[in-house]
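Okay, so here's the structure we're looking at.
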Amino acid sequence: MVSATQPVECPVHDSREKVHVLVIGAGFGGLGTAMQLKQAGIDDFVVLDRASEVGGTWQVNTYPGAQCDIPSILYSFSFAPNPNWTRLYPLQPEIHDYLRACAEDFGIVPHLRLNCEVQDATWDDAAQVWHVTTDQGSWEARILVGAMGPFSEPAVPDLPGLDSFEGTVFHSAAWNHEHDLSGDRVAVVGTGASAVQIIPRIQPIAGSLTVFQRTPTWILPHPDQPMTGWPRTLFERIPLVQRLARTGLDLVQEAMVPGFVYRPALLKGLASLGRAHLKRQIRDPELRRKLTPTYAFGCKRPTFSNAYYPALAQPNAAVVTEGIREVRPNGIVTVDGTLHELDTIVMGTGFRLTDNPAFDVVRGRDGRTLAEAWNGNARAYLGTTISGFPNFFMLLGPNSVTYTSQVVTIEAQVKYILSALQQMEAQGMASIDVRPEVQQAFVDDVDERLQKSVWNAGGCASYYLSGEGRNFTFYPGFNRSFRARTRRADLAKYVTRRAGISSQPTVRTAG
């Protein structure tokens with residue numbers, strides 16, 4: 001077998017290759033889909049990825065301190081448990097190794113086409129197929145699965161003068177490992193989850209560290225701990241114990257849902273814990289004031305760290321809350337006119353969620369791209385299917401995220417996809433397209449149920465919300481509810497076309 005650690009090149013071909021299922025992306029979503037297709041006996045599929053290795057965001061994000069904020073037992077496939085995690089909260093290299101092992105153990109490697117960037121994916125309504133063009137060749141697929149991931153395209157702010165900076169600039173998701181930060185005057189722009197992990201790692205070696213903070217982050221004590229010794233031995237010898245531990249952690253995450261979705265007042269205890277953590281680690285009243293969030297806990301993504309606050313309290317560190325006016329060849333100028341002289345700028349500015357370039361690639365029945373159909377306000381049915389885009393399934397799409405491991409969400413969506421594929425095969429369906437009124441009813445229900453959630457009413461702006469202020473990220477409830485709704489695809493909610501008939505759709509109605 002070809003090793004999953006070796007790149008599988010996307011072969012250059014002139015003719016259009018035909019395949020039943022084409023998956024875009026080889027991260028958790030793409031590999032999870034491929035693994036489940038294999039287990040269901042479906043072998044006619046390929047997985048395309050522009051990178052040279054599998055892993056998705058965990059292959060790309062190699063910055064110092066990169067770590068998952070969900071426990072490893074839960075941040076893994078339920079059908080591919082790993083008893084050998086070394087930490088409760090896994091670091092990036094270990095997650096990447098896990099995904100490479102999954103690709104190899106489940107026989108996915110022969111289906112991989114790496115170094116293969118999708119340039120266009122267009123639905124052919126007459127032929128009832130997707131035409132997919134890559135930089136290496138073309139494909140024809142009955143089913144298209146979009147597993148590009150929400151954190152696949154770095155967001156770099158449009159700062160005046162950034163191109164004139166004479167030092168080194170890079171994003172956290174494109175870490176420059178060749179550049180030595182030792183002794184540098186370093187700026188970190190942003191204070192999100194990545195920045196919280198990066199700052200403690202680079203502060204000790206930087207000559208000076210200036211953190212440009214627009215909004216402070218809620219930080220809780222980090223419960224991470226090693227999982228070597230008896231926990232690993234127990235998981236290896238008695239797999240049921242690990243399954244029970246996974247269920248327990250899942251229930252802990254579920255217990256957070258009432259506070260996040262229904263009654264944000266229930267989160268006050270966590271806010272108190274965050275304030276106590278800040279007070280304990282930051283003695284300087286002015287710095288503590290800068291780092292104290294003024295919005296409800298959970299409105300923006302909270303995170304864990306025992307080292308972030310102490311790093312900011314060091315003599316070589318400074319937190320700047322004034323906005324950035326411009327970048328000059330020798331540094332950053334804030335709106336108060338102060339020039340902060342710098343050698344290196346690290347962008348911890350997150351990802352392009354609402355304007356991901358992948359949305360410009362997928363074209364539906366009427367020729368419009370996802371970006372054009374959504375117009376900055378993403379909508380889908382169960383976060384998985386999109387009206388006007390037949391036979392297209394999106395993983396971690398709009399309003400699919402439940403407050404738990406995203407791997408749990410992915411598994412639920414893949415189960416839904418398999419259910420749809422199996423019913424289509426059994427009933428001789430060539431295509432399915434969710435009815436617009438079904439999608440709109442789902443969107444309306446989501447919007448109503450999220451109105452009082454902490455994300456909508458917590459007093460902050462976050463990447464959870466579109467430019468119009470709509471929460472396009474979360475599913476408004478428990479992951480058990482989402483899993484129940486995605487256990488079986490109800491084709492009565494879809495316009496369907498039977499194989500061999502391309503002129504008129506067959507509309508299935510309930511009852």
Side-chain angles (χ1 to χ4, degrees), residues 1 3-5 27-29 31-36 38-39 54-59 61-62 65-109 193 197 200 220-257 269-270 273 277 302-307 402-415 478-480 482-484 487:
M1 180 182 292
S3 171
T5 62
F28 265 104
L31 292 181
T33 302
M35 294 157 72
Q36 291 291 71
K38 271 281 188 183
Q39 289 189 321
V54 302
T57 189
W58 295 107
Q59 182 268 332
N61 284 272
T62 59
Q67 184 175 25
C68 186
D69 57 5
I70 295 290
S72 52
I73 300 172
L74 196 55
Y75 199 78
S76 49
F77 297 114
S78 63
F79 52 88
N82 175 23
N84 299 313
W85 294 112
T86 63
R87 306 203 64 81
L88 180 58
Y89 290 80
L91 296 168
Q92 176 270 334
E94 197 166 12
I95 300 173
H96 192 199
D97 286 345
Y98 169 76
L99 288 171
R100 287 186 288 196
C102 283
E104 191 162 339
D105 293 345
F106 281 77
I108 303 306
V109 174
Q197 295 177 347
L220 297 179
H222 208 312
D224 188 30
Q225 58 182 313
M227 288 181 62
T228 53
W230 68 264
R232 180 186 293 186
T233 302
L234 192 61
F235 290 161
E236 286 178 342
R237 294 181 178 177
I238 312 176
L240 175 62
V241 174
Q242 187 171 9
R243 290 198 295 271
L244 291 174
R246 180 185 176 95
T247 300
L249 289 169
D250 184 51
L251 290 172
V252 169
Q253 295 293 134
E254 289 280 69
M256 305 284 285
V257 171
L270 291 173
L273 178 61
H277 186 50
T303 190
F304 302 108
S305 181
N306 298 327
T402 55
Y403 201 78
T404 183
S405 165
Q406 290 191 355
V407 183
V408 174
T409 303
I410 288 168
E411 284 193 28
Q413 291 182 285
V414 172
K415 183 171 289 189
F478 297 95
N479 80 66
R480 278 159 177 75
F482 184 78
R483 282 151 53 189
R487 188 165 291 123

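Residues: numbered from 1 along the sequence shown.
- Of the residues listed (P226, S76, P71), the one engaging W85 in a side-chain contact (heavy atoms from CB on, under 4.5 Å) is S76, and it is the only one.
- Here the straight-line distance linking atom CZ of R246 with atom CG of L244 works out to 12.5 Å at 0.5 Å rounding.
- Within 6.0 Å of atom NZ in K38, more than 12 heavy atoms from other residues, nucleotides or ligands are found, so the atom counts as buried in its surroundings.
- Closest approach of R480 to L251, counting heavy atoms only: NH2-CD2, 3.5 Å.
- The nearest pair of heavy atoms linking P83 to P81 is CD-O, 3.7 Å.
- Using modelled atom types, one finds a donor on one side chain and an acceptor on the other under 3.5 Å when comparing Q67 with D224.
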Stepwise, does the side-chain contact (heavy atoms from CB on, under 4.5 Å) test hold for L220 with H277? CA-CA 7 Å; L220 297 179; H277 186 50; 5.7 Å; no
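- In terms of heavy-atom proximity, L273 sits nearest to P221 at CG-CD, 4.0 Å.
- The closest donor-acceptor contact from the side chain of E254 to the backbone of N479 lies under 3.5 Å.
- Not a single donor-acceptor pair under 3.5 Å links the side chain of R483 to the backbone N or O of V408.
- With Q59 contributing its side chain and V54 its backbone, the two residues share no donor-acceptor pair below 3.5 Å.
- Side-chain contact between R232 and E236: present, with at least one pair of heavy atoms (C-beta onward) separated by less than 4.5 Å.
- Between the CG atom of D69 and the OH atom of Y75 there is a distance of 8.5 Å, given to the nearest 0.5 Å.
- Across all non-hydrogen atoms, the minimal contact from Y403 to P302 is OH-CG, 4.3 Å.
- When atom types are taken as modelled, the side chain of H96 and the backbone of T57 share no donor-acceptor pair closer than 3.5 angstrom.
- Distance CG/L99 to CE/M35: 8.5 Å, rounded to 0.5 Å.
- Judged by distance alone, with hydrogens and angles left aside, the side-chain atoms of Q242 form no donor-acceptor pair with the main-chain N or O of I73 at under 3.5 Å.
- To the nearest 0.5 angstrom, F235 atom CZ is 11.0 Å from L240 atom CG.
- Remark: H222 NE2 to Q197 CD distance equals 7.0 Å, nearest 0.5 Å.
- Taking the charged nitrogens against the carboxylate oxygens, R87 and E94 have no contact shorter than 4.0 Å, which rules out a salt bridge.
- Side-chain atoms of T404 and M256, non-hydrogen and from C-beta on, never get closer than 4.5 Å to each other.
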Step by step, would you call L74 with V407 a side-chain contact (heavy atoms from CB on, under 4.5 Å)? CA-CA 8 Å; L74 196 55; V407 183; over 6 Å; no
Just do the side-chain contact (heavy atoms from CB on, under 4.5 Å) check on Y89 and F304 with the steps written out, would you? CA-CA 10 Å; Y89 290 80; F304 302 108; 4.2 Å; yes
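- The heavy-atom pair separating L88 from P223 by the smallest distance is CD2-O, 3.7 Å.
- Between the side chain of S72 and the backbone N or O of P90, no donor-acceptor pair lies under 3.5 Å.
- Residues A80 and Y98 approach most closely at O-OH, 2.7 Å, considering heavy atoms.
- With rounding to the nearest 0.5 Å, the separation of CG in N84 from CG in D97 is 11.5 Å.
- Aromatic pair F77/F28: ring centres closer than 6.0 Å.
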